[in-house]
Amino acid sequence: MPLSTIRIATALVQPDYEWAFQSRLSLVAKMCTWLGHNEPQCRSLTGPAGYFRVSSQAEAYERRDEFTRALGDELLTTFTFDLLGDDLSPKKKRALDGKHLSDGHALPFYGCLIDGGKPLGDIVQQLGRKSGDISAFVADAHARHRVHITSLLENRPVALSLCGEVRSRPWREALVEQTPCLILNPAHASVNLAGNPTRSWARHVDELLMKLPQDTAWAFADHITQLEHRANKQFVPLVQGGQGTRARRVNDSGWDIPGARLYVYEVLLA
């Protein structure tokens, strides 16, 4: 497939933004409206992990369908939620189907891809946060179900990596084996993308990208109060290319969307 220059967006959302489902859905609609007016060529929008909160399997699928209907058919995006109890406390280590999907370290964080107004694959559970939490067997088995072909990226493979999974070496290696052109990585709150190497994701992300071709990209989003990531007074890029190539930031929404900020990048994909 010939190389194509494609525009993709990531969203940073303030963590104290109202949690009601309709309020969050309205915020996504505002993001889509901004992109439609200012970046009509944009093909992808990555949002944070845990963007919604649900209390049951039935509610999860109901909300996904509601989200999909509201989104329209112009974007590849992420639908993410945390599974909470009726008292709004996390249902720890519980899968939607009542079974553990990993080695017993799974957390109640879920997501799926939405491709042009329809689900792209099923809802999947986060596998584990630490390097030892995901075995090679589990990583290989699940990576195959995280990569899908999307028509919005001209039939290229795109992967979903949920919050914290990139810290696992088996997971990174399994993703590389699937050869996605684009990896969407929703995260929770104020992830450290630079700085102290023992607490930052930077080393893990760099190791992943150095094993991918130059014409691939990784896109990140999370909840963060200041709606930007900085290190040494410099912006930290939210989209990065394989083999250390830089993605070009071409636009951002500034303060046009109360509670969120969009960053638009131009990437070269095989």
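- Between Thr216 and Thr245, the closest side-chain pair of non-hydrogen atoms is not below 4.5 Å.
- More than 12 heavy-atom neighbours from other residues, nucleotides or ligands sit within 6.0 angstrom of CZ on Arg249.
- Between Phe21 and Phe67, the ring centre distance reaches or exceeds 6.0 Å.
- Val13 and Trp19 sit in two unconnected hydrophobic clusters of ILVMFWY residues. Membership requires side-chain heavy atoms under 4.5 Å apart, directly or through other members.
- Across all non-hydrogen atoms, the minimal contact from Pro170 to Ser168 is CD-OG, 3.2 Å.
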Next item on the list: Please step through salt bridge (charged side-chain N to carboxylate O under 4.0 Å, His left out) for the pair Glu66 and Arg63, ending with a clear verdict.
Entry: CA-CA 5 Å; Glu66 203 171 338; Arg63 296 305 194 190; 3.3 Å; yes
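- In summary, the side chains of Glu62 and Gln57 do not present any donor paired with an acceptor at a separation below 3.5 Å, with no hydrogens or angles considered.
- The closest side-chain heavy-atom distance from Gln178 to Pro157 is not below 4.5 Å.
- Connection of Trp171 to Phe137 is established within a shared hydrophobic cluster, with ILVMFWY side chains joined at heavy-atom distances below 4.5 Å, either directly or through further cluster members.
- In this structure, Gln240 contributes its side chain and Leu209 its backbone to no donor-acceptor pair below 3.5 Å.
- Using a 4.5 Å heavy-atom threshold, the side chains of Leu76 and Leu120 count as touching.
- The shortest side-chain heavy-atom distance between Thr150 and Asn155 does not fall under the 4.5 Å cut-off.
- Put simply, the side chain of Leu83 reaches to within 4.5 Å of the side chain of Tyr110, judged on heavy atoms.
- Using a 3.5 Å distance cut-off with no hydrogens or angles, the side chains of Tyr265 and Asp252 do not pair a donor with an acceptor.
- With rounding to the nearest 0.5 angstrom, the NZ atom of Lys118 is 4.5 Å from the CG atom of Asp115.
- For the side chain to side chain contact (heavy atoms under 4.5 Å, CB included) test, residues two or more places apart in sequence or in another chain that qualify with Asp16 are Gln14.
- Distance check, rounded to the nearest 0.5 Å: CZ of Arg172 to CG of Asp206 gives 10.0 Å.
- Residue His229 is tested with Phe235, Tyr263, Phe220 for a ring pair (Phe, Tyr, Trp, His ring centres under 6.0 Å); the sole match is Phe220.
- Interatomic distance, CD1 of Ile8 versus CG of Leu152, reported as 13.0 Å (0.5 Å rounding).
- Put simply, the side chain of Val158 does not reach to within 4.5 Å of the side chain of Pro180, judged on heavy atoms.
- Atom OG1 of Thr5 sits about 9.0 Å away from atom CZ of Arg248, to the nearest 0.5 Å.
- Atom-to-atom distance recorded for Ile6:CD1 and Leu268:CG is 8.5 Å, nearest 0.5 angstrom.
- With Arg230 as the partner, the side chain to side chain donor-acceptor pair (under 3.5 Å) test is satisfied by one option alone out of Glu228, Gln234, Gln226: Glu228.
- In this structure, the side chain of Arg156 engages the main chain of Ala270 through a donor-acceptor pair within 3.5 Å.
- The backbone N or O of Ser55 lies less than 3.5 Å from a partner atom in the side chain of Glu59, making a donor-acceptor pair.
- A donor-acceptor pair under 3.5 Å is formed between the side chain of Arg24 and the backbone N or O of Tyr17.
- Side-chain atoms of Ser26 never come within 3.5 Å of backbone atoms of Gln22 as a donor-acceptor pair (strictly under, hydrogens ignored).
- Using a distance-only test at 3.5 Å, with no hydrogens or angles considered, no donor-acceptor pair links the side chain of Thr78 to the main chain of Leu184.
- The aromatic ring centroids of His188 and Phe109 lie less than 6.0 Å from each other.
- With hydrogens and angles ignored, the 3.5 Å screen pairs a side-chain donor or acceptor of Asp222 with a backbone N or O of Val191.
- Each of Leu3 and Leu153 belongs to its own hydrophobic cluster when Ile, Leu, Val, Met, Phe, Trp and Tyr are linked at side-chain heavy-atom distances under 4.5 angstrom.
- In this structure, His148 NE2 and Cys112 SG are separated by 9.0 Å, a value rounded to the nearest 0.5 Å.
- Cluster membership check: Leu75 shares its hydrophobic cluster with Val250, using side-chain heavy-atom separations under 4.5 Å among Ile, Leu, Val, Met, Phe, Trp and Tyr.
- Residues Leu182 and Val147 do not share a hydrophobic cluster, clusters being chains of Ile/Leu/Val/Met/Phe/Trp/Tyr side chains in contact below 4.5 Å.
- Nearest heavy-atom pair, Asn185 versus Thr46, reported as atom, atom and distance to 0.1 Å: N-CG2, 4.1 Å.
- The minimum heavy-atom distance linking Ala11 with Met31 is given by the pair CB-SD, 3.7 Å.
- Judged purely by atom type and a 3.5 angstrom limit, Arg146 uses its side chain to pair as donor or acceptor with the backbone of Leu160.
- Contact of the Val124 side chain with the His142 side chain is not registered, since no non-hydrogen atoms from C-beta on lie closer than 4.5 Å.
- Across all their heavy atoms, Gly121 and Arg64 have their closest contact at O-NH1, 4.4 Å.
- Proximity of a side-chain donor or acceptor of Gln243 to a complementary backbone N or O of Leu212 within less than 3.5 Å is detected.
- Counting heavy atoms from C-beta on, the side chains of Thr77 and Arg43 never come closer than 4.5 Å.
- With Ser151 contributing its side chain and Glu154 its backbone, the two residues share no donor-acceptor pair below 3.5 Å.
- Contact record, Leu27 with Pro258: CD1-O, 3.6 Å, taken as the closest heavy-atom pair.
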Next item on the list: Determine, stepwise, if the pair Trp34 / Leu262 fulfils side-chain contact (heavy atoms from CB on, under 4.5 Å).
Entry: CA-CA 9 Å; Trp34 188 92; Leu262 295 178; 3.8 Å; yes
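- Of all non-hydrogen atoms in Gly244 and Met210, the two that sit nearest each other are N-SD, 3.8 Å.
- Under a 4.0 Å N-O distance rule, the pair Arg203/Glu207 qualifies as a salt bridge.
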Next item on the list: Test side-chain contact (heavy atoms from CB on, under 4.5 Å) on Leu71 and Phe79 and set out the steps.
Entry: CA-CA 10 Å; Leu71 191 66; Phe79 170 77; over 6 Å; no
